[in-house]
Amino acid sequence: TLRDVHFSHDGDRDVLRGVTATIDGGRTVAVVGATGAGKTSLLHLIAGLVAADSGSVTVPAAGSRIVFQEPFLLAGSVRENIALGIDVPADAIEVALAVAEAQFVYDLPAGLDTELGERGVGLSGGQRQRLALARALVRRPAVLLLDDTTSALDPTTEAKVLANLRAALSQTTVVAVASRPSTIALADDVLYLDNGQVVAHGRHDELMQSVPAYRQLIEAFEHDRAAMDAELAEPIDAGDRKSV
Ligand code: TTP
Ligand code: MG
(Lines give C-alpha, C1' and ligand atoms only; values in the text may rest on other atoms or scores of the structure.)
(Ligands and ions follow the chains in the order given, each with its own letter.)
Protein backbone atom coordinates (compact mmCIF):
# COMPACT_ATOMS: atom_id res chain seq x y z
CA THR A 1 0.00 0.00 0.00
CA LEU A 2 1.25 3.44 -0.77
CA ARG A 3 -0.18 6.80 0.03
CA ASP A 4 0.80 10.06 -1.59
CA VAL A 5 -0.11 13.51 -0.37
CA HIS A 6 2.42 15.74 -2.01
CA PHE A 7 3.57 18.46 -4.35
CA SER A 8 6.65 18.41 -6.46
CA HIS A 9 8.62 21.19 -8.13
CA ASP A 10 11.17 21.06 -10.89
CA GLY A 11 12.94 24.34 -10.50
CA ASP A 12 10.25 27.02 -10.31
CA ARG A 13 7.40 25.27 -12.15
CA ASP A 14 5.23 22.67 -10.41
CA VAL A 15 5.19 19.40 -12.27
CA LEU A 16 2.81 17.71 -9.82
CA ARG A 17 0.33 19.95 -8.12
CA GLY A 18 -1.33 18.66 -4.99
CA VAL A 19 -1.43 15.01 -5.97
CA THR A 20 -3.29 12.85 -3.50
CA ALA A 21 -3.74 9.16 -4.23
CA THR A 22 -3.97 5.97 -2.27
CA ILE A 23 -3.02 2.82 -4.12
CA ASP A 24 -4.03 -0.35 -2.31
CA GLY A 25 -1.44 -3.10 -2.00
CA GLY A 26 -1.57 -5.88 -4.57
CA ARG A 27 -3.50 -3.87 -7.14
CA THR A 28 -2.59 -3.00 -10.69
CA VAL A 29 -3.02 0.69 -11.39
CA ALA A 30 -2.66 2.30 -14.80
CA VAL A 31 -1.34 5.86 -14.82
CA VAL A 32 -2.88 7.60 -17.80
CA GLY A 33 -2.38 11.12 -19.09
CA ALA A 34 -1.27 13.21 -22.02
CA THR A 35 2.42 13.75 -22.70
CA GLY A 36 3.95 16.01 -20.06
CA ALA A 37 1.12 15.37 -17.58
CA GLY A 38 3.63 14.24 -14.96
CA LYS A 39 3.34 10.43 -15.17
CA THR A 40 7.08 9.73 -15.18
CA SER A 41 7.60 12.32 -12.45
CA LEU A 42 4.99 10.54 -10.33
CA LEU A 43 6.80 7.21 -10.74
CA HIS A 44 10.11 8.88 -9.85
CA LEU A 45 8.52 10.16 -6.64
CA ILE A 46 7.12 6.76 -5.73
CA ALA A 47 10.51 5.19 -6.46
CA GLY A 48 12.20 7.72 -4.22
CA LEU A 49 14.39 8.96 -7.08
CA VAL A 50 13.20 12.50 -6.39
CA ALA A 51 11.81 14.04 -3.22
CA ALA A 52 8.57 15.91 -2.88
CA ASP A 53 8.89 19.58 -2.04
CA SER A 54 5.90 19.33 0.26
CA GLY A 55 3.47 16.64 1.21
CA SER A 56 4.48 13.02 1.74
CA VAL A 57 5.01 9.84 -0.21
CA THR A 58 4.67 6.59 1.72
CA VAL A 59 5.64 3.27 0.22
CA PRO A 60 6.11 -0.18 1.77
CA ALA A 61 9.53 -0.71 3.26
CA ALA A 62 10.33 -3.73 1.11
CA GLY A 63 11.51 -1.41 -1.64
CA SER A 64 10.36 -0.68 -5.13
CA ARG A 65 11.90 -1.11 -8.51
CA ILE A 66 11.40 1.07 -11.51
CA VAL A 67 11.69 -0.30 -15.03
CA PHE A 68 12.12 2.34 -17.68
CA GLN A 69 10.59 2.43 -21.10
CA GLU A 70 13.98 2.38 -22.78
CA PRO A 71 15.75 -0.28 -20.78
CA PHE A 72 19.49 -0.12 -20.82
CA LEU A 73 21.72 -3.07 -21.65
CA LEU A 74 25.17 -3.45 -20.19
CA ALA A 75 28.04 -5.08 -22.01
CA GLY A 76 27.81 -8.47 -20.38
CA SER A 77 25.91 -11.72 -20.54
CA VAL A 78 22.15 -12.07 -20.44
CA ARG A 79 22.54 -13.50 -16.94
CA GLU A 80 24.62 -10.52 -15.78
CA ASN A 81 22.11 -8.13 -17.29
CA ILE A 82 19.34 -9.73 -15.27
CA ALA A 83 21.23 -10.13 -12.00
CA LEU A 84 22.96 -6.73 -12.12
CA GLY A 85 25.31 -7.58 -9.32
CA ILE A 86 22.97 -9.45 -6.99
CA ASP A 87 23.02 -13.18 -6.40
CA VAL A 88 20.04 -14.71 -8.19
CA PRO A 89 19.31 -18.45 -8.11
CA ALA A 90 18.95 -20.06 -11.52
CA ASP A 91 15.33 -21.02 -10.95
CA ALA A 92 14.42 -17.43 -10.04
CA ILE A 93 15.88 -16.28 -13.37
CA GLU A 94 13.88 -18.95 -15.15
CA VAL A 95 10.63 -17.87 -13.49
CA ALA A 96 11.28 -14.17 -14.17
CA LEU A 97 11.98 -14.86 -17.84
CA ALA A 98 8.76 -16.85 -18.14
CA VAL A 99 6.65 -14.13 -16.51
CA ALA A 100 8.25 -11.49 -18.76
CA GLU A 101 7.66 -13.67 -21.86
CA ALA A 102 11.41 -13.41 -22.46
CA GLN A 103 12.13 -17.04 -23.27
CA PHE A 104 13.71 -15.82 -26.51
CA VAL A 105 17.00 -15.61 -24.59
CA TYR A 106 17.27 -19.41 -24.62
CA ASP A 107 17.43 -19.26 -28.42
CA LEU A 108 20.39 -16.86 -28.43
CA PRO A 109 23.72 -18.41 -29.49
CA ALA A 110 24.90 -19.12 -25.93
CA GLY A 111 21.59 -18.87 -24.11
CA LEU A 112 21.92 -17.05 -20.77
CA ASP A 113 25.67 -16.74 -21.35
CA THR A 114 25.25 -14.82 -24.61
CA GLU A 115 27.12 -11.52 -24.52
CA LEU A 116 24.93 -8.45 -25.08
CA GLY A 117 25.64 -4.81 -25.70
CA GLU A 118 28.09 -3.02 -27.94
CA ARG A 119 30.30 -6.02 -28.53
CA GLY A 120 27.59 -8.64 -28.36
CA VAL A 121 24.18 -9.46 -29.65
CA GLY A 122 21.72 -6.63 -30.20
CA LEU A 123 18.14 -6.91 -29.04
CA SER A 124 14.95 -5.38 -30.39
CA GLY A 125 13.07 -2.78 -28.37
CA GLY A 126 10.49 -5.33 -27.29
CA GLN A 127 13.20 -7.83 -26.30
CA ARG A 128 14.95 -5.18 -24.22
CA GLN A 129 11.70 -4.29 -22.50
CA ARG A 130 11.08 -7.92 -21.57
CA LEU A 131 14.64 -8.42 -20.34
CA ALA A 132 14.37 -5.26 -18.24
CA LEU A 133 11.14 -6.57 -16.79
CA ALA A 134 12.82 -9.87 -15.86
CA ARG A 135 15.59 -7.82 -14.20
CA ALA A 136 13.00 -6.06 -12.05
CA LEU A 137 11.15 -9.29 -11.23
CA VAL A 138 14.17 -11.14 -9.80
CA ARG A 139 14.36 -8.33 -7.23
CA ARG A 140 10.97 -9.37 -5.86
CA PRO A 141 9.58 -5.84 -5.78
CA ALA A 142 6.81 -4.89 -3.37
CA VAL A 143 5.90 -2.16 -5.80
CA LEU A 144 6.68 -2.57 -9.46
CA LEU A 145 6.79 0.65 -11.43
CA LEU A 146 6.49 0.37 -15.19
CA ASP A 147 6.89 3.40 -17.44
CA ASP A 148 5.35 2.29 -20.73
CA THR A 149 7.49 -0.78 -20.26
CA THR A 150 5.49 -2.99 -22.55
CA SER A 151 4.73 -0.44 -25.27
CA ALA A 152 7.06 -1.99 -27.84
CA LEU A 153 5.40 -5.38 -27.57
CA ASP A 154 2.64 -6.49 -29.87
CA PRO A 155 -0.76 -6.34 -28.15
CA THR A 156 -0.99 -10.13 -27.73
CA THR A 157 2.40 -10.43 -26.03
CA GLU A 158 1.70 -7.37 -23.93
CA ALA A 159 -1.59 -8.84 -22.71
CA LYS A 160 0.21 -12.12 -21.89
CA VAL A 161 2.88 -10.31 -19.87
CA LEU A 162 0.24 -8.43 -17.91
CA ALA A 163 -1.73 -11.61 -17.23
CA ASN A 164 1.50 -13.34 -16.11
CA LEU A 165 2.31 -10.44 -13.80
CA ARG A 166 -1.10 -10.63 -12.25
CA ALA A 167 -0.83 -14.39 -11.70
CA ALA A 168 2.77 -14.39 -10.45
CA LEU A 169 2.68 -11.23 -8.36
CA SER A 170 -0.61 -11.27 -6.52
CA GLN A 171 1.04 -9.49 -3.56
CA THR A 172 2.85 -6.95 -5.67
CA THR A 173 1.44 -3.52 -6.36
CA VAL A 174 1.94 -2.64 -10.01
CA VAL A 175 1.85 1.02 -11.06
CA ALA A 176 2.09 1.18 -14.83
CA VAL A 177 2.10 4.15 -17.16
CA ALA A 178 0.11 2.90 -20.11
CA SER A 179 -1.11 4.32 -23.38
CA ARG A 180 -2.67 1.38 -25.17
CA PRO A 181 -6.38 1.35 -24.41
CA SER A 182 -6.54 -2.46 -24.32
CA THR A 183 -3.79 -2.45 -21.68
CA ILE A 184 -5.40 0.31 -19.64
CA ALA A 185 -8.64 -1.67 -19.57
CA LEU A 186 -6.81 -4.59 -17.89
CA ALA A 187 -5.82 -2.56 -14.83
CA ASP A 188 -7.85 -2.69 -11.62
CA ASP A 189 -7.87 1.09 -11.44
CA VAL A 190 -6.85 4.08 -13.50
CA LEU A 191 -5.17 7.18 -12.14
CA TYR A 192 -5.89 9.92 -14.64
CA LEU A 193 -3.38 12.76 -14.53
CA ASP A 194 -3.72 16.03 -16.33
CA ASN A 195 -1.27 18.89 -16.08
CA GLY A 196 0.21 17.62 -12.83
CA GLN A 197 -3.07 16.93 -11.08
CA VAL A 198 -5.07 13.79 -10.45
CA VAL A 199 -8.31 14.44 -12.28
CA ALA A 200 -9.88 11.05 -11.64
CA HIS A 201 -9.11 7.73 -9.97
CA GLY A 202 -11.35 4.76 -10.66
CA ARG A 203 -12.19 1.94 -12.98
CA HIS A 204 -11.49 2.46 -16.68
CA ASP A 205 -15.08 1.83 -17.77
CA GLU A 206 -16.42 4.19 -15.10
CA LEU A 207 -14.06 6.97 -16.19
CA MET A 208 -15.01 6.38 -19.83
CA GLN A 209 -18.63 7.01 -18.80
CA SER A 210 -18.20 9.88 -16.40
CA VAL A 211 -15.08 11.84 -17.42
CA PRO A 212 -15.40 13.30 -20.94
CA ALA A 213 -11.76 14.49 -21.06
CA TYR A 214 -10.60 10.98 -20.19
CA ARG A 215 -12.75 9.45 -22.89
CA GLN A 216 -11.34 11.93 -25.41
CA LEU A 217 -7.78 11.06 -24.41
CA ILE A 218 -8.44 7.33 -24.78
CA GLU A 219 -10.02 7.94 -28.18
CA ALA A 220 -6.96 9.92 -29.21
CA PHE A 221 -4.72 7.03 -28.07
CA GLU A 222 -6.83 4.63 -30.12
CA HIS A 223 -6.53 6.91 -33.12
CA ASP A 224 -2.74 7.20 -32.72
CA ARG A 225 -2.42 3.45 -32.42
CA ALA A 226 -4.44 2.91 -35.60
CA ALA A 227 -2.31 5.47 -37.45
CA MET A 228 0.84 3.75 -36.24
CA ASP A 229 -0.37 0.37 -37.42
CA ALA A 230 -1.22 1.86 -40.81
CA GLU A 231 2.24 3.45 -40.95
CA LEU A 232 3.79 0.08 -40.17
CA ALA A 233 2.22 -1.26 -43.34
CA GLU A 234 4.31 1.28 -45.31
CA PRO A 235 7.98 0.65 -45.95
CA ILE A 236 9.28 3.34 -43.61
CA ASP A 237 12.54 3.74 -41.79
CA ALA A 238 12.23 2.12 -38.39
CA GLY A 239 13.79 5.21 -36.83
CA ASP A 240 10.71 7.23 -37.75
CA ARG A 241 8.49 5.22 -35.47
CA LYS A 242 7.27 7.10 -32.45
CA SER A 243 6.73 5.37 -29.18
CA VAL A 244 3.42 6.32 -27.62
P1 TTP B 1 6.84 13.87 -17.15
O2 TTP B 1 6.57 13.51 -15.75
O3 TTP B 1 8.01 13.24 -17.80
O4 TTP B 1 5.53 13.69 -18.01
P5 TTP B 1 4.93 12.36 -18.62
O6 TTP B 1 5.70 11.17 -18.19
O7 TTP B 1 3.48 12.40 -18.27
O8 TTP B 1 5.08 12.59 -20.17
P9 TTP B 1 5.36 11.51 -21.35
O10 TTP B 1 4.02 10.89 -21.65
O11 TTP B 1 5.82 12.35 -22.49
O12 TTP B 1 6.36 10.54 -20.87
O13 TTP B 1 7.06 15.42 -17.27
C14 TTP B 1 6.25 16.40 -16.67
C15 TTP B 1 6.98 17.71 -16.76
O16 TTP B 1 8.13 17.65 -15.95
C17 TTP B 1 7.43 18.05 -18.16
O18 TTP B 1 7.18 19.43 -18.37
C19 TTP B 1 8.91 17.77 -18.13
C20 TTP B 1 9.28 17.94 -16.71
N21 TTP B 1 10.35 17.06 -16.23
C22 TTP B 1 11.55 17.61 -15.83
O23 TTP B 1 11.74 18.81 -15.91
N24 TTP B 1 12.54 16.77 -15.37
C25 TTP B 1 12.38 15.42 -15.29
O26 TTP B 1 13.28 14.70 -14.85
C27 TTP B 1 11.11 14.86 -15.69
C28 TTP B 1 10.89 13.38 -15.62
C29 TTP B 1 10.16 15.72 -16.15
MG1 MG C 1 6.86 9.78 -19.18
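One-based numbering, in listed order, for ligands and for the atoms of each.
Side-chain contact between L153 and V161: present, with at least one pair of heavy atoms (C-beta onward) separated by less than 4.5 Å.
Below 3.5 Å of separation, one finds no N or O of G33 facing any N or O of ligand 1. When only interatomic distances are considered, the shortest N/O to N/O separation between H44 and ligand 1 does not fall below 3.5 Å. For a threshold of 3.5 Å applied to N or O pairs, the pair formed by A37 and ligand 1 contains at least one separation below that value. In terms of N/O distances under 3.5 Å, ligand 1 is not approached by V15.
Remark: the backbone N or O of T173 is not paired with any side-chain donor or acceptor of R27 at under 3.5 angstrom. A donor-acceptor pair is defined here as one N or O able to donate and one able to accept, closer than 3.5 Å; no such pair exists between the side chain of S170 and the backbone of A167.
Results of the side chain to side chain contact (heavy atoms under 4.5 Å, CB included) test with V32 over L193, L217, L191, V199 single out L217 as the only residue that passes.
Contact annotation: for A34 versus ligand 1, heavy atoms closer than 4.0 Å belong to the backbone alone. Heavy atoms of T35 found under 4.0 angstrom from ligand 1 belong to the backbone as well as the side chain.
Within the 2.8 Å limit, T40 places at least one N, O or S atom next to the Mg ion (ligand 2).
For ligand 1, the atoms closer than 4.0 angstrom to any heavy atom of K39 are 2 (O), 4 (O), 5 (P), 6 (O), 7 (O), 8 (O), 9 (P), 10 (O).
When only modelled atom types and interatomic distance are considered, E158 and T183 share a side-chain donor-acceptor pair under 3.5 Å.
The side-chain hydrogen bond (donor to acceptor under 3.5 Å, both in side chains) contacts involving residues 78-96 comprise R79-D113, N81-R135, where partners must be two or more places apart or lie in separate chains.
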